[in-house]
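Only one structure is covered here, and it is reproduced in the block below.
Side chains included, hydrogens not; waters and symmetry mates left out as well; all remaining heavy atoms used. Quick note: residue numbers are just sequence positions, from 1.
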Amino acid sequence: MEGSGALHLFRLIHIVCGALWVGAAAFVAFFLMPTVRALGPGGGPVMQELAQVRKLPVYMMAMAILTVLSGVGLYWRDSGGFKGPWMHSGSGAVFGFGGLLAILVVVIGMTVISPSTRRMGELAASMRGAGGGPSPEQGAEMQALQARMTRFTRIVAVLLLVATAAMAVARYIP
């Protein structure tokens with residue numbers, strides 16, 4: 001990453017993918033999930049379309065991975081290979097804090113949100129296949145999954161907003 005062309009490319013990827021990731025996470029957490037929950041069973045087709053047809057979880061994970069990898073590349077460059085006094089400076093510490101939050105969000109996405117989304121899809125397909133309404137057990141599991149998704153999408157959105165704020169101000173901290 002010696003040339004300025006690679007640096008500009010990493011910054012472009014980091015900023016554009018990060019903006020898309022944070023914006024989508026905030027939209028899902030604060031607008032989409034509450035709307036889907038308010039619609040009850042009527043929200044199921046919306047989530048099915050987003051998850052299975054539009055591939056929103058794949059899109060979100062791709063934006064997350066591109067953002068984190070390009071951020072690691074930028075941090076590596078600025079820190080001189082993850083060493084030196086820059087990492088202990090105000091800027092280095094705040095960039096590092098924002099990066100750690102983003103990595104935490106990826107972990108939450110892979111270990112909580114993705115499996116919950118997958119299970120909700122399986123459960124919805126099972127309920128459609130059986131015809132009629134869900135069994136009491138299926139209904140209870142779907143409600144628990146929706147509550148878990150709502151809680152963790154809000155946590156993820158807040159963490160990403162804090163990470164974005166850190167990235168926005170880090171360069172100006174001595």
Is there a side-chain contact between [X] and [Y] in this structure, where contact means two heavy atoms from C-beta onward sitting under 4.5 Å apart?
X	Y	answer
Val158	Phe30	yes
Phe97	Val162	yes
Val94	Met167	no
Ile65	Trp21	no
Leu74	Phe95	no
Arg11	Val16	no
Val46	Thr35	no
Met149	Ile113	yes

Step-by-step side-chain contact (heavy atoms from CB on, under 4.5 Å) determination, Asp78 to Arg171
CA-CA 11 Å; Asp78 286 347; Arg171 193 153 304 278; 3.5 Å; yes
When rounded to the nearest 0.5 angstrom, what is the spacing between [atom1] in [X] and [atom2] in [Y]?
X	Y	atom1	atom2	result
Leu123	Gln138	CG	CD	5.5 Å
Glu122	Leu145	CD	CG	10.0 Å
Met87	Ser79	CE	OG	5.5 Å
Gln48	Leu50	CD	CG	10.5 Å
Leu160	Ile108	CG	CD1	9.0 Å
Met63	Leu20	CE	CG	6.0 Å

Do you reckon [X] sits in the same ILVMFWY cluster as [Y], going by side-chain contacts under 4.5 Å, direct or chained?
X	Y	result
Phe31	Phe152	yes
Ile15	Val169	no
Leu39	Phe27	no
Val106	Tyr59	yes

Which atom pair, heavy atoms only, marks the closest approach of [X] to [Y]?
X	Y	answer
Ala166	Gly98	CB-CA, 4.1 Å
Arg148	Ser116	NH1-OG, 3.5 Å
Ala157	Ala25	CB-O, 3.9 Å
Pro45	Gly42	CD-O, 3.3 Å
Ala24	Met60	CB-SD, 3.3 Å
Pro57	Ala51	CD-CA, 3.7 Å

Between Tyr75 and Trp86, is the ring centre distance below 6.0 Å?
yes
side-chain contact (heavy atoms from CB on, under 4.5 Å) partner of Leu159, the single match among Thr164, Leu100, Leu104, Val22:
Leu104
Okay, side chain of His14, backbone of Thr67: is any donor-acceptor separation there less than 3.5 Å?
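Yes; judged by distance alone, with no hydrogens or angles, the pair exists.
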Where the side chain of Ser89 meets the backbone of Pro174, is there a donor-acceptor pair that is under 3.5 Å apart?
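No, Ser89 side chain to Pro174 backbone: no donor-acceptor pair under 3.5 Å.
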Determine, stepwise, if the pair Glu141 / Arg119 fulfils side-chain contact (heavy atoms from CB on, under 4.5 Å).
CA-CA 10 Å; Glu141 184 180 359; Arg119 179 62 189 142; 2.7 Å; yes
Yes or no on side-chain contact (heavy atoms from CB on, under 4.5 Å) for Met47 and Met33, after CA distance, side-chain angles and deciding distance?
CA-CA 9 Å; Met47 292 307 289; Met33 293 296 292; 4.1 Å; yes
Would you find more than 12 non-hydrogen atoms of other residues, nucleotides or ligands less than 6.0 Å from Arg54 atom CZ?
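No - once you tally the heavy atoms of other residues, nucleotides and ligands closer than 6.0 Å, there are 12 at most.
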Given Met110 and Met61, is the side-chain contact (heavy atoms from CB on, under 4.5 Å) satisfied, shown in steps?
CA-CA 8 Å; Met110 292 172 67; Met61 193 53 68; 3.5 Å; yes
